[in-house]
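Computed from a predicted structure; not experimentally measured. Below, all heavy atoms of this structure are taken into account, side chains as well, without hydrogens, waters or symmetry copies.
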Amino acid sequence: MIIVGVDGSRTGLDAAGWAATEAALRRAPLTVAHAVPKWVCEETHGRYAEVGRWMREGAKTVLVSARDRALRERPEITVETLLLPGDPRSALVKAAEEAELLVVGSRGIGGMRGLLVGSVAYGVAAHAVTDVVLVRERPSTPQGEVVVGVDGSPGARPAIAFAFTESELRSARLRAVHAWAWPHPSGFEPADPDSERDALREMNELLAGYRDRHPGVDVVTEVVHGHPVEVLREAAKGSDLLVVGSHGHSQLAGMLMGSISQAMLHHAPCPLVVVRRGRA
């Protein structure tokens, strides 16, 4: 099952459309979910009953619009609607505990000007136990390429596994990208050529087992000089999907997401998958 959270915004509808295509690829049912304050589901009598009824009717309109959008994109899938009581972040996280994917738009109707990612999108990406897809921009013409960030950390392995599976589902090329730069007081400077070759060799060794399990996937490996956020943003321009792990080498104890995955929530130029550790 795939769950997509919607709120009546354009980005929510785009997320529903993306989730419908993914559900068709996986031959999985799709659930379209919308959250309202808990009291709205409970207040059927009393002084706020009319307000609660009005909000429930509005929620129904949101769900039907998103369901219709999903079915327009992929009419062959099964779509159900789900009204969730409570805060949308915690409600979506709980509803998606057994789901294959949780999909949300980058910003909804509650997004504040100047923010690149909404609080709901950030909240579910940080706290969900399942893999999360943030739909910011969908390429107008699919390029047939999935990009995955590889840094050699344990958190990269689930992301690599997810990316290979997704590339196979989409019959897409997989571009595995490793950002290689040597820290310097004034910023970053390129590493020496021998170290770069070692990094490329290690990445190919890491990918070897996945290539054996997915022999039909065309894989391109790259070691690129620069900061990981900039390198991944450039690599993912025009791609169908960018895949990152939830933690990397820069993780700190107690953090729910690594610094790179957090940054890509704001800067990914295409739909972004944050793969939770051990789920792929």
Below 4.5 Å, heavy atoms only, C-beta onward: do [X] and [Y] meet side chain to side chain?
{"X": "R157", "Y": "Y210", "answer": "yes"}
{"X": "L134", "Y": "V274", "answer": "no"}
{"X": "W18", "Y": "L241", "answer": "yes"}
{"X": "R89", "Y": "S119", "answer": "yes"}
{"X": "V64", "Y": "T81", "answer": "no"}

When rounded to the nearest 0.5 angstrom, what distance separates [atom1] in [X] from [atom2] in [Y]?
{"X": "H178", "Y": "N204", "atom1": "NE2", "atom2": "CG", "value": "11.5 Å"}
{"X": "E98", "Y": "T130", "atom1": "CD", "atom2": "OG1", "value": "9.0 Å"}
{"X": "L92", "Y": "L82", "atom1": "CG", "atom2": "CG", "value": "9.0 Å"}
{"X": "K94", "Y": "E97", "atom1": "NZ", "atom2": "CD", "value": "5.0 Å"}
{"X": "I77", "Y": "R27", "atom1": "CD1", "atom2": "CZ", "value": "14.0 Å"}
{"X": "L232", "Y": "S239", "atom1": "CG", "atom2": "OG", "value": "10.5 Å"}

Any chain of hydrophobic side-chain contacts (each under 4.5 Å) joining [X] to [Y]?
{"X": "V147", "Y": "L25", "result": "no"}
{"X": "L206", "Y": "V223", "result": "yes"}
{"X": "L63", "Y": "W54", "result": "yes"}
{"X": "V32", "Y": "L13", "result": "no"}

Looking at [X] and [Y], what are the two nearest heavy atoms and their distance?
{"X": "V36", "Y": "A59", "value": "CG1-CB, 3.8 Å"}
{"X": "A159", "Y": "V148", "value": "O-CG2, 3.8 Å"}
{"X": "P88", "Y": "A35", "value": "CA-CB, 3.6 Å"}
{"X": "A15", "Y": "G105", "value": "CB-N, 3.7 Å"}
{"X": "L174", "Y": "S167", "value": "CB-OG, 3.5 Å"}
{"X": "P85", "Y": "L83", "value": "CD-O, 3.9 Å"}

Check whether any side-chain N or O of [X] sits under 3.5 Å from a backbone N or O of [Y] as a donor-acceptor pair, and report yes or no.
{"X": "D240", "Y": "V146", "answer": "no"}
{"X": "T11", "Y": "S106", "answer": "no"}
{"X": "D131", "Y": "L101", "answer": "no"}
{"X": "S246", "Y": "R276", "answer": "no"}
{"X": "H34", "Y": "V6", "answer": "yes"}

**Request:** Run the salt-bridge test on D14 and R10 with the 4.0 Å N-O cut-off and return the result as yes or no.
**Result:**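 The answer is yes: the pair qualifies as a salt bridge.
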**Asked** Is E230 salt-bridged to R233, cutoff N-O under 4.0 Å?
**Response** yes
**Asked** Which residue pairs pass the salt bridge (Lys or Arg N to Asp or Glu O under 4.0 Å) test with at least one member in residues 160-177, sequence neighbours excluded?
**Response**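 Every salt bridge (Lys or Arg N to Asp or Glu O under 4.0 Å) pair that includes a residue of residues 160-177, provided the two are not neighbours, is E22-R170, R26-E166, E145-R173, E145-R175, E166-R170, R175-E222.
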**Message:** Applying salt bridge (Lys or Arg N to Asp or Glu O under 4.0 Å) as the test, list every pair that has at least one member in residues 204-215; sequence neighbours left out.
**Reply:**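 Output for this query lists R201-E205.
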**Asked** Which residues pass the side-chain hydrogen bond (donor to acceptor under 3.5 Å, both in side chains) test with R74, sequence neighbours left out?
**Response**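 With sequence neighbours excluded, R74 shows a side-chain hydrogen bond (donor to acceptor under 3.5 Å, both in side chains) to E76, given in chain and number order.
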**Asked** In this structure, which one of V133, V103, V132, V244 forms a side-chain contact (heavy atoms from CB on, under 4.5 Å) with V273?
**Response** V133
